[in-house]
Every structure is written in C-alpha cells, then in structure tokens.
Visitor: 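Take a look at the following structure, please.
Just follow the structure's listing: the first ligand is 1, and inside any ligand the first atom is 1. All figures in this text were calculated on a predicted structure; none of them were measured in a lab.
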Amino acid sequence: MPLVSTKEMFEKAYKGGYAIGAFNVNNMEIVQGITEAAKEENAPLILQVSAGARKYAKHVYLMKLVEAALEDTGLPIALHLDHGADFETCKSCIDGGFSSVMIDGSHHPFEENMAVTKRVVEYAHERGVTVEGELGQLAGVEDDVSVEHHSYTDPSQVQEFVEKTGVDSLAIAIGTSHGAFKFKPGQKPQLRFDILEDVSARLPGFPIVLHGASSVIPELVEKVNKYGGAMPDAIGIPEDMLREAAKSAVCKINIDSDLRLAMTATVREHFALHPGDFDPRQYLKPAREAIKEVVKRKLVNVLGCNGKA
Ligand code: G3H
Ligand code: 13P
Ligand code: ZN
C-alpha cells in the first residue's frame, strides 16, 4: 500500500469520534515500535518528522524506514512534516515523497501566516498532499525554541484563516504544550475546552489538531528519576482530557515526549541492571518494546482509533 494523505483518515475520525495518533520518528527502533503497535491494534497512523529528525537521520533514511513499515504492516500510514518552518522546507518534503505537511506560521502576524500557508496549500494540493496550519502558539520547547506562555487561539480568526488558505486541518492552542514540563509544580492541569468548542462550532466538520499532547506518563517519569534523576517536575496532559478531546473535532493528536520518556527510562533501567552490556541490540530491543507498549496504550485509551484501519 502507498502512503496515504490525511484526508480520508480525518473524515472517518471526525465522523467516528476518535483521533489519529501522530507520532514523531527519528530512527528505526522508533518506527518499528510505533508501527508494530498499530499493526497489533489495526489502527491508522501518522508518522511525523521534524526538521531536527531530518537533520539527525537524513530524509532518505526516514523515507525508506517508513516505506518498509508500509510494506511490513499494510496499514494506512501518512508521512507528515511536523512544524514546517517555511515554504522551502514544506516543498522539499512534498517533492521528497511526504503525503502531508504542516506549515507552522503561528509565530507570524495573522496576514503573514495566511500568506505562507496559502502558498504551501497551493503547491501541496496540486500534488495530492494535505496541509496542516496553525493559529495560536503553544508554550514549551520545540526545535530548540522555547516559548514561555501560551497564546491561545482566537476563535474569531479561524473561519477566515481556513477559508482563505484552504488548509485541510488546523492546529490550535488550548493549553497543551511541547515537552515534558507542561504545567508548573502544584498547578492543576487544565485545557481550554471552551476555545475548542467555539472553534469547532465555527468550523463544522473540520479536523482540529492538538500538539503537545503527551501525558508524560507518571510511571515512566518515576523510572527515569529512579535510574538517574533529572526530571522531578515533569507533568503532562491527563489521559482522560485527551480522550475527551479525541471524541470531539480533534482528529490528530501529536505525541513525542512520551516516546522519548519510554526509550530513556528503559535504557537507563537496562544499564542500571546490566552495567556490563555493550551490544546496542541489548538495550535498543527493550527500548523498542517500551515504545510499542506506550503506543498501544495511546491507541486504545486515548485516541480510540484501534480497529479503525
Ligand atoms: O514538536 C516537536 C517535536 O517534539 C519534535 O521535536 O524538533 O526535537 O525533533 P524535535
Ligand atoms: P509532546 O512534546 O507533548 O509529545 O508534543 C509533540 C508535538 O506536538 C510534536 O509536534
Ligand atoms: Zn508540535
């Protein structure tokens, strides 16, 4: 099966009251852990690649890994550019075989964001590629850029943005954030569901995207801390909040930090218990297995897309 765009996936997800997981990939073990989980749960999947991942692994290696996953699983998989910074980056991924891209113009003024998004949409749609835009800005760290405060999406802007740009989906800011420290110590996790409802009412049938949606799984944080410390205040979005969002207009939920935690916790534990190991397969195999377990948990408990491939 060839790569699919997100169009049909999102139509089904919207109608079915579930969301598709968009998981960040950087190497073979991550691709395998995610896709093995999706295969066992018969779930549609978005594998997404950041600029940092392309720099780390090279476009062609990631492309070939995803092609292998398609062949191995037979699942509907979209390959998506995460946080495309400009037209050139999006063009390079479209020309290089991606089936979906995000143009992240959220840090630009509204008119400028619309202009660059529209340009990417025109180029992408001529080639059958879907486009995600963003309005509002998340707090947190992403690609070495740290944003201190949320700029919540202004619902009064969304209709004009979607109509004028022609985007296929829209990422909005309702209080999720990138990374493992999503709330201050002692702060109660909260999302602005009122903004999500207002946006959805203005865009009937239109797919909404949530970035920064890792739960920062407490058992994994505990394990990371037990075997080396360094993350005492890590906190994410509670799973029940994400489950609620997945039942609404939210059709795509981005998860990266939970995979990083799964891998790091497992590798740290492995070396604490087996300090003499030096064959990378001995620690990457359990790390891959840990990613698979986390992804299965997300597909079933958070996204509700198991059995929907
Ligand atoms: O939103 C950012 C993702 O977690 C990707 O992170 O840019 O470090 O690959 P990265
Ligand atoms: P997390 O840091 O919450 O996993 O978010 C990932 C993300 O939004 C990638 O675009
Ligand atoms: Zn993101």
Visitor: Within a distance under 4.0 Å of any heavy atom of N24, pick out the atoms of ligand 1 and give their elements.
Guide: 3 (C), 5 (C)
Visitor: Atom OH of residue position Y56 - does it have more than 12 heavy atoms of other residues, nucleotides or ligands inside 6.0 Å?
Guide: no
Visitor: Counting only N and O atoms by type, is there a donor-acceptor contact under 3.5 Å from the side chain of T153 to the main-chain atoms of A173?
Guide: yes
Visitor: For ligand 2, does A213 get within less than 4.0 Å through its side chain, its backbone, both, or neither, judged by non-hydrogen atoms?
Guide: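 Only the backbone of A213 comes within reach of ligand 2.
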Visitor: Tell me which part of N254 gets within contact of ligand 1: side chain, backbone, both or neither, using heavy atoms under 4.0 Å.
Guide: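 Near ligand 1, N254 shows nothing, with every heavy atom at 4.0 Å or more.
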Visitor: State whether E122 and K118 are salt-bridged, where the test is any N-O pair (Lys NZ or Arg NE/NH1/NH2 against Asp/Glu carboxylate O) under 4.0 Å.
Guide: yes
Visitor: So, is R260 polar-close to ligand 1, with some N/O to N/O distance under 3.5 Å?
Guide: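 Yes - when backbone and side-chain N and O of R260 are compared with those of ligand 1, one distance drops under 3.5 Å.
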Visitor: Tell me whether K12 is salt-bridged to E8, with the criterion being a basic N under 4.0 Å from an acidic carboxylate O.
Guide: yes
Visitor: If you measure only the distance, is there a donor-acceptor pair under 3.5 Å linking the side chains of H125 and D168?
Guide: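 Looking only at side-chain atoms, D168 and H125 do form a donor-acceptor pair, the distance falling under 3.5 Å.
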Visitor: May I ask you to check if ligand 2 and N254 share an N or O to N or O distance below 3.5 Å?
Guide: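 Yes, at least one N or O pair falls under 3.5 Å.
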Visitor: Do N306 and N42 pair up side chain to side chain, a donor and an acceptor below 3.5 Å, judged on atom types alone?
Guide: no
Visitor: Atoms of ligand 2 less than 4.0 Å from H83 heavy atoms?
Guide: 10 (O)
Visitor: Closer than 4.0 Å to some heavy atom of H83 - which atoms of ligand 1 meet that?
Guide: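 Per the distance check, 1 (O).
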Visitor: Do the ring planes of H83 and H178 sit parallel (below 30°), tilted (30 to 60°) or perpendicular (above 60°)?
Guide: perpendicular
Visitor: Is I255 close to ligand 2, meaning an N/O of one under 3.5 Å from an N/O of the other?
Guide: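 No; the residue has no nitrogen or oxygen that sits under 3.5 Å from a nitrogen or oxygen of the ligand.
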Visitor: Using a 4.0 Å cutoff against the non-hydrogen atoms of S50, which atoms of ligand 1 qualify?
Guide: 5 (C), 7 (O), 9 (O), 10 (P)
Visitor: Salt bridge between E239 and R297, side-chain N to carboxylate O under 4.0 Å?
Guide: yes
Visitor: In terms of atom number and element, which parts of ligand 2 are under 4.0 angstrom from non-hydrogen atoms of Q48?
Guide: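 Ligand 2 atoms under the 4.0 Å threshold to Q48: 9 (C), 10 (O).
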Visitor: Distance under 4.0 Å to a non-hydrogen atom of N24: what atoms of ligand 2 satisfy this?
Guide: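 Close to N24: 9 (C).
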Visitor: State the atoms of ligand 1, each with its element, that fall below the 4.0 Å cut-off from a heavy-atom position in D256.
Guide: 3 (C), 4 (O), 5 (C), 6 (O)
Visitor: Is it true that the side chains of S92 and D95 contain a donor and an acceptor less than 3.5 Å apart?
Guide: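 Distance-only check fails for S92 and D95.
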Visitor: Would you say S257 and ligand 2 have an N/O pair spaced under 3.5 Å apart?
Guide: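 Yes - when backbone and side-chain N and O of S257 are compared with those of ligand 2, one distance drops under 3.5 Å.
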Visitor: Going by heavy-atom distance to atom 3 (O) of ligand 2, choose the closest among K182, K252, H211.
Guide: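 When every heavy atom of K182, K252, H211 is considered, K182 comes closest to atom 3 (O) of ligand 2.
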Visitor: Considering distance alone, does some N or O of N26 sit under 3.5 Å from an N or O of ligand 1?
Guide: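 No.
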Visitor: Between the side chains of K64 and E67, is the shortest nitrogen-to-carboxylate-oxygen separation below 4.0 Å, so that they form an ion pair?
Guide: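 Salt bridge between E67 and K64, a charged N being under 4.0 Å from a carboxylate O: yes.
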Visitor: To 10 degrees, how wide is the angle ND1 (H211) to the Zn ion (ligand 3) to NE2 (H83)?
Guide: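 Value returned, to the nearest 10°, is 90°.
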